[in-house]
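Atom set for the values below is all heavy atoms of this structure, side chains included, hydrogens, waters and symmetry mates excluded.
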Amino acid sequence: AGVRLADDDRLAEVTPGNPFLDEVIGGLSATPKTLPAKYFYDAEGSRLFEQICALPEYYLTRTETALLREIAPEIAARIPDGAALVEFGSGASTKTRILLDAAPQVSVYAPIDISPTALDEAAASLRADYPDLIVAPLVEDFTQALTPPEGARGRPLVGFFPGSTIGNFAPDEAEALLRQARALLGEDAMFVVGADVAKDPAVLIPAYDDAQGVTAAFNRNVLVHINRELGGTFDPAAFAHRAVWNAAESRIEMHLESIRDQIVMVGDHGFRFAAGETIHTENSYKYRPEAFEAIARRAGWTVTRRWVSADPTFAVYILAA
Ligand code: AVI
């Protein structure tokens with residue numbers, strides 16, 4: 001349980017049962033220490049992530065966008081009239097426009113995202129640019145969503161999960177998520193999923209450790225977020241950003257490495273760090289297409305089509321329920 005200090009707004013959320021506090025305390029009490037990657041994304045973290053997407057080293061966004069532009073007519077040809085496009089973790093809905101432009105038969109766009117601000121902004125901008133489209137957003141953690149947004153119900157459903165966000169889940173979690181998406185989208189649904197592909201670490205590492213230090217700032221921002229919302233005393237400058245390729249697990253790992261011996265408080269909990277000790281902050285799995293398809297099949301989907309871009313490789317899959 002945490003503490004609540006009557007005069008301190010910053011600690012307003014520190015209550016027993018606050019999942020942010022519980023998960024941070026749990027992660028920092030583990031050996032080795034970990035923090036859940038979802039807590040990167042406060043307002044500043046979301047801004048830094050958008051900056052990452054435009055970095056020269058971060059090939060994922062550019063490559064997937066170019067691939068989607070190329071294959072959009074083929075995807076569109078499979079989308080039924082009057083369909084609802086349900087996007088998981090939609091953020092700014094940037095890539096959605098590629099599908100909407102190619103598939104005017106989509107009647108409803110139903111984005112699911114945890115951030116009300118991102119959803120409001122994306123919905124307003126799409127309504128302005130696609131006046132005939134019904135935009136039916138749902139504010140929810142897409143990993144918890146069990147039913148489609150209301151405006152999408154009763155229509156043929158097309159799921160959209162781009163950006164390799166699936167790679168931020170361990171294979172068993174990814175399988176569970178795909179199974180849950182299948183249940184949410186229902187029989188006859190199709191699901192368009194974008195996932196990064198395993199490749200030379202000489203390409204992968206700079207994508208997660210860029211020359212301008214934006215990814216380092218993104219990684220350290222989780223500490224700033226904890227300081228602000230949970231009354232933490234992290235000195236972000238006392239942690240170095242590390243990006244590591246774990247070949248055995250086929251994943252990029254991000255860590256924060258303590259540059260000295262130190263003690264950090266979070267609420268009324270103290271955590272000791274030895275110099276060189278790390279906090280594991282993120283996994284980004286990179287799948288060979290066959291490995292990804294095996295997971296999708298175990299989750300109950302049929303893989304109907306796969307496209308893999310030229311180097312640096314990125315894959316888009318069409319799954320059928
Ligand atoms: C959101 N997700 C797919 C990104 C990734 O590549 O795993 C998050 C990210 N982490 C560091 N850079 C980008």
Please tell me if the side chains of Thr281 and Thr34 come closer than 4.5 Å, counting only heavy atoms from C-beta onward.
no

Are Glu277 and Arg272 within salt-bridge range, i.e. N to O under 4.0 Å?
no

Hey, are the side chains of Val316 and Ile71 touching, using non-hydrogen atoms and a 4.5 Å cut-off?
yes

Salt-bridge criterion met for Arg97 and Asp129 (N-O under 4.0 Å):
yes

State whether a side-chain donor-acceptor pair under 3.5 Å links Tyr59 with Asp311.
no

Counting N and O atoms only, with roles assigned by atom type, does the side chain of Arg153 sit under 3.5 Å from a partner on the main chain of Pro148, one being a donor and the other an acceptor?
yes

Excluding sequence neighbours, so at least two apart, what forms ring-ring contact (aromatic ring centres under 6.0 Å, His included) with Phe40?
Phe218

Could you walk me through whether Glu23 and Lys38 pass the salt bridge (Lys or Arg N to Asp or Glu O under 4.0 Å) test, one step at a time?
CA-CA 11 Å; Glu23 290 177 63; Lys38 64 185 171 193; 3.4 Å; yes

Quick one: pull up CD1 in Ile114 and OG in Ser90 and give me the separation to the nearest 0.5 Å.
11.0 Å

Do Ser284 and Lys286 have a side chain donor and acceptor closer than 3.5 Å?
yes

Arg251 and Tyr285 side chains, donor-acceptor separation under 3.5 Å:
yes

Residues Asn283 and Asn168: side-chain donor-acceptor under 3.5 angstrom:
no

Side-chain heavy atoms of Asn221 within contact of Leu48, under 4.5 Å:
yes

Can a donor-acceptor pair be found, under 3.5 Å and without considering hydrogens, that links the side chain of Asn227 to the backbone of Gly231?
no

With a 4.5 Å cut-off on side-chain heavy atoms, are Phe273 and Asp261 touching?
no

Can you find a heavy atom in the side chain of Ile226 that is under 4.5 Å from one in the side chain of Val266?
yes

Rounded at 0.5 Å granularity, tell me how far CZ in Arg220 sits from CG in Asp235.
10.0 Å

Validation row: Leu133, Val108 side chains within 4.5 angstrom (heavy atoms):
no

Exercise: do Asn246 and Glu253 side chains pair donor with acceptor under 3.5 Å:
yes

Going by an N to O cut-off under 4.0 Å, is there a salt bridge joining Arg228 and Glu44?
no

Does any non-hydrogen side-chain atom of Ile295 lie less than 4.5 Å from one of Trp301?
no

Arg179 with Glu175: basic N within carboxylate O range, under 4.0 Å
yes

Assess whether a salt bridge exists between Glu50 and Arg47, defined as any Lys/Arg side-chain N lying under 4.0 Å from an Asp/Glu carboxylate O.
no

Would you confirm whether the ring centroid of Phe234 sits within less than 6.0 angstrom of the ring centroid of Phe239?
yes

Any side-chain heavy-atom pair from Phe271 and Ser29 closer than 4.5 angstrom?
yes

Check Leu60, Leu67, Leu68 against Glu64 for a side chain to side chain contact (heavy atoms under 4.5 Å, CB included) and give me the one that passes.
Leu68

Could you verify whether a donor N or O on one side chain and an acceptor N or O on the other, from Ser93 and Tyr109, lie under 3.5 Å apart?
yes

